[in-house]
Amino acid sequence: MCGRFSLHTPEADIRAAFGVEPSMSVPADQLQPRYNITPSQDIAVVRSSSGGGRELAMARWGLVPGWSQQARPKFSTINARMESVAEKPTYRAAFRRRRCLIPADGFYEWQLAGDHKIPHYIQLQDESVFAFAGLWDHWQGEQPGFDSCAIITLPASGVMATIHSRMPAILAAADYNAWLDRGLADKSEIMPLLEHNLSGELQAYAVSNYVNSPKHTGARCIEPR
DNA sequence: CCAGACGTTGTT
DNA sequence: GTCTGG
DNA sequence: CCAGACGTTGTT
DNA sequence: GTCTGG
């Protein structure tokens, strides 16, 4: 699964990696370095803009489908299983029409070790910024509406399989365009993008349980234990 | 027909 | 034990 | 994901 | 909104 991640890459590098126009801006303080991003927080997403390019936006982590009666579902929607995302009522519309990239430069998984859990920090081997395969939706109630998002997960492979049974889908840069293409709605064309992921290019190391507390947000979270 | 659910992970 | 909040 | 809360009435 | 269960 994927329930915590980091994004501390400088904003200019993030924009360059995902081809986001500098003019399409999110509040300046939203792209400050973050080492312990948790569900329910607003996170950066990259999606197709109406003009045909890519835009950066903020969305709450935990997808709220447009038909939801409540602004906060009673069940967990931070992750969507690749095996069922195309069929689940909560995700299928977004899977067809509202896919997004979720910029990150590392994520955490907790490895079960007997009676306790050891958190690990996972990055690309070159430590560069990457994209989780994400979905977004818009919710509008009586209060002002908001965007929300979820990260797609799949069975762990490569180094991840030694730590945990599931992992987030990390897209190859060559697949960004197809992933963001709203005209691409066939499951048979979308699934290969998830299977063609970067699980073989990851590295991992154990960190201390300092990261466990959502109150801890600094670089100490990624220090080797 | 209407009412109610709509999810993931991990653990047992 | 289970739900909510971050 | 983990941490932390988990409640009511009445009074200030 | 759409599917499942009764």
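Residue numbers start from 1 in every chain, and the chains themselves are labelled A, B, ... in the order their sequence lines are given, proteins ahead of strands.
With P as the reference atom, B/dC6 and C/dC3 are 13 Å apart, rounded to whole Å. Nucleotides D/dC1 and B/dT8 have their P atoms positioned 12 Å apart, rounded to a whole Å. The same atom, P, is picked in B/dT11 and in D/dC2; the two are 9 Å apart, to the nearest Å. Taking the C1' atom of each, C/dT2 and B/dG7 are spaced 16 Å apart, rounded to whole Å.
Applying the Watson-Crick and G-U wobble criteria (two distances, each under 3.5 Å), E/dG1 pairs with B/dC6.
Using a 4.0 Å heavy-atom distance criterion, A/Ile37 is classed as making no nucleic acid contact. Here A/Tyr91 lies in heavy-atom contact (under 4.0 Å) with sugar-phosphate atoms only. As judged by a 4.0 angstrom heavy-atom cut-off over every strand, A/Ser165 is placed among residues touching the sugar-phosphate backbone only. If you check every strand for non-hydrogen atoms under 4.0 Å, A/Ala93 touches nothing.
The side chain of A/Arg81 places no N or O atom within less than 4.0 Å of a non-bridging phosphate oxygen (OP1 or OP2) of B/dT8. Dashed line: the shortest gap from a side-chain N or O of A/Thr153 to OP1 or OP2 of B/dT9 is under 4.0 Å. OP1 and OP2 of B/dC6 both lie 4.0 Å or more from every side-chain N or O belonging to A/Lys88. At the phosphate of B/dG7, neither OP1 nor OP2 sits under 4.0 Å from any side-chain N or O atom of A/Lys74.
The A/Gln41 side chain lies nearest to C/dG6 when the options are B/dG7, D/dC2, C/dG6. Ranking D/dC1, B/dT8, E/dT2 by closeness to the A/Arg92 side chain, first place goes to E/dT2. Of the candidates E/dG1, D/dC1, D/dA3, E/dG1 carries the atom nearest the A/Pro89 side chain, counting heavy atoms from C-beta on. Closest to the A/Ile78 side chain, of the nucleotides D/dC2, B/dT8, D/dC1, is D/dC1. Of the candidates B/dT8, B/dT11, B/dC6, the closest approach to any side-chain atom of A/Thr90 belongs to B/dC6.
Here A/Trp67 counts as stacked on E/dG1: its ring centre is under 5.5 angstrom from the base ring centre and the planes meet at under 30°.
Classified by interplanar angle (parallel below 30°, tilted 30° to 60°, perpendicular above 60°), the ring pair A/Phe95/A/Trp179 is perpendicular.
Atom C1' of nucleotide C/dG5 and atom CZ of A/Phe75 are separated by 18 Å, given to the nearest angstrom. When the C1' atom of B/dA5 is taken as reference, atom CD of A/Gln69 falls 12 Å away, rounded to whole Å. We find that OH of A/Tyr108 is positioned 14 Å from P of D/dA3, with the value rounded to whole Å.
Each of A/Lys117 and A/Val85 has a nearest nucleotide on DNA chain B; the 5'-most of these lies closest to A/Val85.
Taking a cutoff of 4.0 Å between a charged side-chain nitrogen and a carboxylate oxygen, A/Glu83 and A/Arg166 qualify as a salt bridge.
Linking ILVMFWY residues whenever their side-chain heavy atoms come closer than 4.5 Å, directly or via other members, leaves A/Phe146 and A/Trp136 in distinct clusters.
Two rings, from A/Phe18 and A/Tyr176, have their centers less than 6.0 Å apart. Outside the 6.0 Å centre-distance limit, the rings of A/Trp61 and A/Phe132 are not counted as a close aromatic pair.
In this structure, a donor-acceptor pair under 3.5 Å is present between the side chains of A/Ser128 and A/Asp126.
Between the side chain of A/Ser76 and the base of B/dG7, no donor-acceptor pair of N or O atoms lies under 3.5 Å.
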